[in-house]
Amino acid sequence: MTDTIATDTTTKRAIERFDPSIEPKWRAFWEQKGIFSAGRRPGAPNRYILEMFPYPSGDLHVGHLKNYVIGDALTRYYVIRGYDVLHPFGWDAFGLPAENAAIKFKRHPREWTYSNIAESKKSLEIAGIMYDWSREVTTCDPNYYKWNQWLFQLLYKKGLAYRASSLVNWDPVDQTVLANEQVDAEGRSWRSGAQVEKRELEQWFFKITAYAERLLQDLDKLTDWPERVKIMQRNWIGKSEGAEVTFESEQGDQIVVFTTRPDTLWGATFMVLAPEHPLVAKLTTPDKQAEVEAYVTKSKLESEIERTSTTKEKTGVFIGAYAINPVNDERIPIWIADYVLMGYGTGAIMAVPAHDERDFAFARQFNLPIRVVVQPEGQNISAEAMSEAWPDEGVMVNSGPLDGVPAGKGEGQSVKAAIAWLEEHGKGKGTINYRLRDWLISRQRYWGTPIPMIHREDGSIVPVPDDQLPVVLPEISDYLPKGRSPLASATDWVNVTDPETGEPARRDTDTMDTFVDSSWYYLRFTDANNAQEIFSKEAAATWMPVDQYIGGIEHAILHLLYSRFITKVLYDEGLVPDDEPFRALFTQGMVQRRVRTPVMIENDMVTFPEELIRKLELPREPVDETTARAQLKLHGYVLERAGEGWEAISGPVTMSKSAGNGVPVGPFVRQYGSDVARIVVLFAAPPENSMEWTDEGVAGAQRFLNRIVALFGPDQAEIAARKGRMYKYTPTEADKTLHRRLHETIKKVTQDTEEFHFNTAIAALMSLLNDAISYRNQAGEVTPMFTELAQAYARLLSPFAPHLAEELHAWFGGEGSVYDAGWPEWDEAALMQSEIEVVLQVNGKVRGKINVPAQADEAQLREWALSNERVQSFIEGKPVRKVIVVPGKLVNVVA
RNA sequence: GCCGAAGUGGCGGAAUGGCAGACGCGACGGUCUCAAAAACCGUUGGGGGCAACUCCAUGUGGGUUCGACUCCCACCUUCGGCACCA
C-alpha cells in the first residue's frame, strides 16, 4: 500500500493505490478472531443468512461468486450492526453429475467430489467470503445422509413415504427415473436433455400432495418472497375446484370424471378417456379392438412434445362403448384421445363441446353432436352456427333443474347449484383437484443416499432399525447405469437378514433423489455436529426460520417447494418452530460476459473459426466482410478489430464452463483483489438483474478503491492521532456541508443495504468520496470534520469492500476489527439545512429557483414566488388562478 | 393461448406524484509526459440561438392531476414462467 507511483501535481501529496496483497492478512485475522462464527454474541438479536449451497463443481469463476458476495455483504452488515449471525456453507455433493464425471474421467465419484470441494472451498477462502466453517455439511458424508435416511423413515412412519407402481418418467440416457419437476415442458430431462419415456415401475414416493393445500395457502404468509416465485408455485400446485361425477358404462362399470364445470353436465355429448385409462381394454368392443390398440400404442410412442402440442389437430378413436350420463340418462359414446391426460384428474372427462374449446375442436373433427346449455346474455347461439366454444357466463338452458340459473361460480349460481344437485342425488360430489403429483424419489443410480428399507422374501417391506443407520453406500467398481441400480451388484451389501425375523432378506437398491438431501440441509446447519439427532429442537428454535435465503430463480419450484414440504412435516412433528423454512427469499440475476473468438481475414475474405461454424451453422468457405458481418449479426455477434487480428464478439452470455467465458476466481483475486470483484458485481446493476462482467467495469471498481486509498492513505497517521479526541471548533460552511452529506450517506447506505439496493448504496459512497476529495483539497489539512468522515467511511465500506474497510479502520487507529466498531447511525438533525433551494414553476414548468430559509412557511413561499421576476414574466399579466405550495420543495403558480 | 415482469442518454442504471438522467462506463477536450499509460481538470440526451435562454424528450395513443418516468385505460415490443390441466 506504500508504493508511491506518481505525484499529484495540485496537492503534492503522494498517490497510493489499492493493493490486493493486503487481503490475506485480514482473512486470517477474521478467521483467528472468529468474527463470523455463529454464537459469538450470545443474547444479541440473531440472523440466519444463507445462500443456496452449491453442487461442488471445482474451480469457481466470478459468476459463481455473485450469490456468495450478496450473502457475505449482508452478513458483514448485520455483524457490524451487532447481530449474532449464522452464515454457514455446505455442499450438495450427491447426484448424477459426479457419477457421469466418474464414468467419463474414470475416477471414483467420491474422490472426484471431494477434490472439487477442496478446490471450490479454496476459491471461496481466497475471495474472503466468510462462513462459519465449523458447521460445514457435505451431503455425501454418512454423518449427513444418515439423517436423510432417518427422515425417510420418519415420512414412512407417518404414511408420507410409500411404494407404488406407476407410470414414471424414464430418462434413457441417464438410465433413471425422474420426478415430474425434473422434466421440462418439452418432455426432456433437466440433466441429460434426453426425451423422457414413460415406464411402469415400482418406486418410492413422498406424499407431497397431502400438503398441497397448506403449501398453497401458506404462500400468502411469505411476504418477503418475490411475487413471481410464488406465482410459479401456485401454478405448479394448480388447484382447481369442481366436482367428481360418476358415469356408468352400459355394462355397469363406474367411470369417474373430474370437471370444473359440473353445471354443463347436461351439455355432455360424449366422453373421452386417456389412452392409458385402465378401463379402455375392458370397454372396447371387439370390432374396435384393433383400431384402439393401434391408437394406444401410437400415443405411447409419441413424445411428450408431439402429444401435448396445442396446435396439433385433435386425434382419437371411438371404442365402441357407451356411457350413461347420470343427470339425464342419455347414452353417449366413449372415445379415447391423447388430449386427455392420465396424470391429471381421473384420466377421464365428460365432453361438453359447446362450452369447452378442446371438446369443441374434437367434436368438429369427428362430427360429434354439440348442445348449448349456457346461453350468453342477449344472444341466441345455436350449435350449428357456433364457430368456437362459449366458455363464459350466461344463463343455463336445456339443463333440467338448472334452467334459468346464471352461469358462474358464486353463491346462487350454476356451478354451486349443480354440485348441490349431484350431492343430493348421489351422482357426484364437489371436490378439489391439484396438478401437483407426489414426489417420486427413487433413483436407479449409485451416487446417492441408499434407501434404508429391507425387502422380505414375501414381498413385504421393513425399515432398517434406527440403531443400524446409516446404511452406508457400498464400494463398488462398476457404477455405470444399466436400467437397474448399480447397487444391486453389491451382493454382500444387498443380502441381509430381516431385523425382526432373522430370515434372509434384501436391501432396497435404489438411492434417493438429491433434492431430498437439499430439502432440509438448512436445518442441519443449526446443529451440524450433532451425532445423536438430526438437529436439536433448541438449535432449530434459535435460528429458524432462515431470515434471508439467497439463490437462483431456477430453484423457484423444485428445491423451494420440497423444502417447504419437509419443513411442514417436521413442524407437525414438533421439531421446528415455524412451518415455513425461509422467511425472506432473494433471487439474484446471472453474471454474463461476451465471448471473443479470433477470426481470420485475408484479402477481405472472412474465414470463420471451426467452433463458430458448428455453433452458429455458418458456412465453411470464406465470405466477404459485409456478408460475414450480416451473418454474425443474426446471432448477436459483431466483428471487431483486436490488436493485429479480428474477433467475433458475442452478446453477453451467462458465464459458464461450457461457454468458456468464466473468469476464474483465484487469478482474478490475486491480481485485482476480492474487494474489486465485489464492487464490480454489486455496483454494475441491481442484484436481481443479470449483469455483464466487463474489463471497463473492473477498471471502474479499481479506480473507486484507488481513490479511497489515495484520499485517506497519506493522512492515516494524522487521522489516527486525532482519534477519540473531542474538538471545539466553529464549523465552516464546508464542514457543515460535508457533515450533512455524511449523514445523508449513512442514511442512504443503511436503507439501501437492507433493501438489497447495493448498486445505489455504492453509488452513494462514491458520491460522498467525491465530496470528501474536494473538501480535503480545499481544506488543505486534516480537520476534525475530515477525521470524523474518515472513521465513518471505513465502517460504511465494510459490507462491500471488507478488506479495505478493515485496513482503513486499522490506519485510523481503530482497535480490533471494524466489525466490532459498530455501524454509524445517522442524525436526522444533521440532515436539516438552514437554507434550501425551492423550485418555482409556472403552469407546471420550471421557471426558476430561489434559496430560502428551510423553515419558510407556505405564505412566505407564495409571496416570494409571486414577486419573482421570472415568474412574473411567464405569467404575462394573466390572472393567477391558483398557487400550489409544497414547503421545502416547490411553488407552482397556475395562471 | 394463459399468467407475470419490464421498456428512461452511446451503455449499465438513478429518480415511485414535485428540478428526468444520481453514480459509473464510454466518448470528446485539456493538464502532466519526449511519448504513451496512469492520474487529475472539464464537457457530454436531442434541436434552435453569439448569448441570456428556449423548445422537444422516459415504447405508442388517450386519461386523471396545478404537476406524471411514477397513477388509470388501450395498444406495441422484449424477456420469463406455464401450457390440450377438463
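Naming convention: chains lettered A, B, ... in sequence-line order (proteins, then strands); numbering from 1 in each chain. For the numbers below, each heavy atom of this structure counts, side chains included, while hydrogens, waters and symmetry mates do not.
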*asked:* Under 4.0 Å from OP1 or OP2 of rU54(B): is there any side-chain N or O of Arg870(A) that close?
replied: yes
*Which of these nucleotides, rC84(B), rA38(B), rG4(B), is closest to any side-chain atom of Ile231(A)?*
rG4(B)
*Taking CD1 from Ile557(A) and P from rG80(B), how many angstroms apart are they, rounded to a whole number?*
15 Å
*Separation of Glu869(A) atom CD from rA52(B) atom P, in whole Å?*
18 Å
_Distance in Å, Leu436(A) CG paired with Ile557(A) CD1, rounded so as to fall on 0.5 Å steps_ = 10.5 Å
*When all nucleic acid strands are considered with a 4.0 Å heavy-atom cut-off, which category describes Val846(A): base, sugar-phosphate, or nothing?*
sugar-phosphate
*Selection from rG81(B), rC19(B), rC23(B) that lies nearest to any side-chain heavy atom of Ala763(A)*: rC23(B)
*Find the distance Arg741(A):CZ to rA22(B):P and express it as a whole number of Å.*
14 Å
_Donor-acceptor pair, side chain of His355(A) and main chain of Thr264(A), under 3.5 angstrom_ = no
_Duplex segments of RNA chain B, taken as runs of at least three Watson-Crick or G-U pairs that stay under 3.5 Å_ = B:1-7 with B:76-82, B:10-12 with B:23-25, B:26-31 with B:39-44, B:45-48 with B:53-56, B:59-63 with B:71-75
*Between rG62(B) and rG24(B), how far apart are the P atoms? Round to whole Å, please.*
38 Å
*Atom pair CZ (Phe366(A)) and CZ (Phe270(A)), whose distance is rounded to the nearest 0.5 Å*: 9.5 Å
*Do Lys314(A) and rC84(B) have a side chain to base donor-acceptor pair shorter than 3.5 Å?*
yes
*Check every atom of rC82(B), rC55(B), rG18(B) against the side chain of Arg435(A) and return the nucleotide holding the closest atom.*
rC82(B)
*What nucleic acid atoms does Arg703(A) come within less than 4.0 Å of, heavy atoms only: base, sugar-phosphate, or nothing?*
sugar-phosphate
*Rounded off to whole Å, could you give me the CD1-to-P distance for the Ile349(A) and rA86(B) pair?*
11 Å
*Any side-chain N or O of Lys845(A) under 4.0 Å from OP1/OP2 of rA20(B)?*
no
_salt bridge (Lys or Arg N to Asp or Glu O under 4.0 Å) against Asp356(A), all qualifying residues, sequence neighbours excluded_ = Arg358(A)
_Please give the distance between the C1' atoms of rG9(B) and rA15(B) as a whole number of Å._
15 Å
*Could you tell me whether Thr694(A) contacts a base, only the sugar-phosphate backbone, or nothing, with contacts defined as non-hydrogen atoms closer than 4.0 Å?*
nothing
*Look at all strands and tell whether Phe360(A) reaches a base, only sugar-phosphate, or nothing, counting heavy atoms closer than 4.0 Å.*
nothing
*What do you reckon, are the aromatic ring centroids of Phe756(A) and Phe758(A) less than 6.0 Å apart?*
yes
_Whole-Å distance separating the CZ atom of Arg678(A) from the P atom of rG24(B)_ = 22 Å
*Whole Å only: how far is the CZ atom of Phe258(A) from the P atom of rA86(B)?*
7 Å
*Under 6.0 Å from the six-membered ring centre of Tyr339(A) and within 45° of its axis: does the NZ or CZ of Lys314(A) meet both?*
yes
*On a whole-Å scale, what distance lies between the P atoms belonging to rU31(B) and rA36(B)?*
11 Å
*Gap between atoms CD1 and P, on Ile850(A) and rC19(B) respectively (whole Å)*: 16 Å
*Are Lys747(A) and Glu744(A) within salt-bridge range, i.e. N to O under 4.0 Å?*
no
*Which value, in whole Å, describes the distance between the C1' atoms of nucleotides rC25(B) and rC73(B)?*
39 Å
*So, is Arg228(A) near the phosphate of rC82(B), with a side-chain N or O under 4.0 Å from OP1 or OP2?*
no
_Phe874(A) or Gly347(A), whichever maps to the more 5' nucleotide of RNA chain B_ = Phe874(A)
*Where do Pro652(A) and Glu692(A) come nearest, in terms of heavy atoms and distance?*
CG-OE1, 3.6 Å
_Please give the distance between the P atoms of rG17(B) and rA6(B) as a whole number of Å._
15 Å
_Please give the distance between the C1' atoms of rA20(B) and rC69(B) as a whole number of Å._
7 Å
_ring-ring contact (aromatic ring centres under 6.0 Å, His included) against Trp390(A), all qualifying residues, sequence neighbours excluded_ = none
*Indicate, with a heavy-atom threshold strictly under 4.0 Å, whether Gly238(A) touches base, sugar-phosphate, or nothing.*
nothing
*What string of B, S and - do you get for nucleotides 64-74 of chain B 5' to 3' if you count protein non-hydrogen atoms under 4.0 Å?*
--B--------
*Those residues that, when tested against Gln592(A), pass side-chain hydrogen bond (donor to acceptor under 3.5 Å, both in side chains) (two or more places apart)*: none
_Give me the atom names and distance for the closest heavy-atom approach of Thr431(A) to Glu244(A)._
CG2-N, 3.3 Å
_Of Val886(A) and Asn706(A), the one whose closest RNA chain B nucleotide lies more 5'_ = Val886(A)
*Begin with the C-alpha distance, continue with both residues' side-chain angles, and end with the deciding distance and a verdict on side chain to side chain donor-acceptor pair (under 3.5 Å) for Thr737(A) and Tyr775(A).*
CA-CA 9 Å; Thr737(A) 305; Tyr775(A) 172 93; over 6 Å; no
*Round to a whole Å and report the spacing from CE of Met232(A) to C1' of rA5(B).*
10 Å
*I would like to know whether Phe258(A) and Thr260(A) meet side-chain contact (heavy atoms from CB on, under 4.5 Å); could you show each step before the answer?*
CA-CA 7 Å; Phe258(A) 172 75; Thr260(A) 54; 4.0 Å; yes
*Candidates rG81(B), rC40(B), rA86(B) - which lies nearest the side chain of Asp356(A)*: rA86(B)
*When rounded to the nearest Å, what value does the distance between C1' atoms of rA37(B) and rU16(B) take?*
44 Å
*asked:* At 4.0 Å (heavy atoms only), tell me whether Asn770(A) reaches a base, stays on the sugar-phosphate, or touches nothing.
replied: sugar-phosphate
*Taking O4'-C1'-N9-C4 for purines and O4'-C1'-N1-C2 for pyrimidines, is rG9(B) syn (within 90° of 0) or anti?*
syn
Output one line per pair: protein atom, nucleotide atom from nucleotides 8-17 of chain B, and distance, for all N/O pairs under 3.5 Å.
residue: rG12(B); atom: O2'; partner: Ala684(A); partner atom: O; Å: 2.4
residue: rG13(B); atom: OP1; partner: Asn689(A); partner atom: ND2; Å: 3.1
residue: rA14(B); atom: OP1; partner: Asn759(A); partner atom: ND2; Å: 3.3

*Span that lies between the C1' atom of rG59(B) and that of rG67(B), in whole angstrom*: 23 Å
*So what does Glu227(A) touch, heavy atoms closer than 4.0 Å: a base, only the sugar-phosphate, or nothing?*
nothing
_What I want to find out is whether Lys416(A) reaches Glu241(A) closely enough, with some N-O distance under 4.0 Å, to be called a salt bridge._
no
*CD/Gln588(A) to CD1/Ile553(A) distance, rounded to the nearest 0.5 angstrom?*
9.5 Å
*Does Arg847(A) have a side-chain nitrogen or oxygen under 4.0 Å from the phosphate oxygens OP1 or OP2 of rC19(B)?*
no
